[in-house]
Amino acid sequence: MSDEGHEGYCTITGAAKPPTADGPPYAECVLCREPTEYPESYKGITMCPVCEWQEAQRTACSG
């Protein structure tokens with residue numbers, strides 16, 4: 001079976017990722033309150049790399 005047309009099947013297309021910060025201050029993770037790699041000035045939900053990975057595992061396609 002061909003995988004044509006199925007790129008990004010398990011990813012959210014068009015989802016914007018926050019910009020990476022050049023240095024401190026960093027935004028807090030909304031789950032564990034640890035520093036993230038995103039600038040403090042970013043408006044929106046930010047997660048640290050650990051929580052991002054755990055959330056991706058939790059919501060990953062199982063099919």
Side-chain angles (χ1 to χ4, degrees):
M1 177 178 225
S2 174
D3 283 338
E4 278 185 35
H6 294 287
E7 287 88 23
Y9 182 78
C10 291
T11 59
I12 298 171
T13 56
K17 188 156 173 88
T20 303
D22 292 331
Y26 299 108
E28 284 185 348
C29 176
V30 296
L31 299 176
C32 69
R33 305 187 58 89
E34 290 293 321
T36 66
E37 57 190 25
Y38 307 116
E40 193 174 63
S41 61
Y42 179 75
K43 303 291 186 230
I45 296 172
T46 55
M47 288 189 271
C48 69
V50 172
C51 290
E52 277 186 354
W53 182 82
Q54 289 173 342
E55 183 70 9
Q57 291 295 312
R58 188 181 70 76
T59 61
C61 295
S62 61

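These values consider heavy atoms only, across backbone and side chains, with no hydrogens, waters or symmetry-generated copies.
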- Heavy atoms of C29 and C51 approach each other most closely as SG-SG, 3.7 Å
- Task: Measure the shortest side-chain to side-chain distance between M47 and T36 over non-hydrogen atoms and say whether it is less than 4.5 angstrom.
- Result: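 SC-SC contact between M47 and T36 ruled out.
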- Query: If you measure from CG on L31 to CD on Q54, what distance do you get to the nearest 0.5 Å?
  - Reply: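 That separation rounds to 8.5 Å.
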- Spacing of Y26 atom OH and S41 atom OG [to the nearest 0.5 Å]: 12.5 Å
- Item | Residues in side-chain hydrogen bond (donor to acceptor under 3.5 Å, both in side chains) contact with E28, at least two apart in sequence or another chain | R33
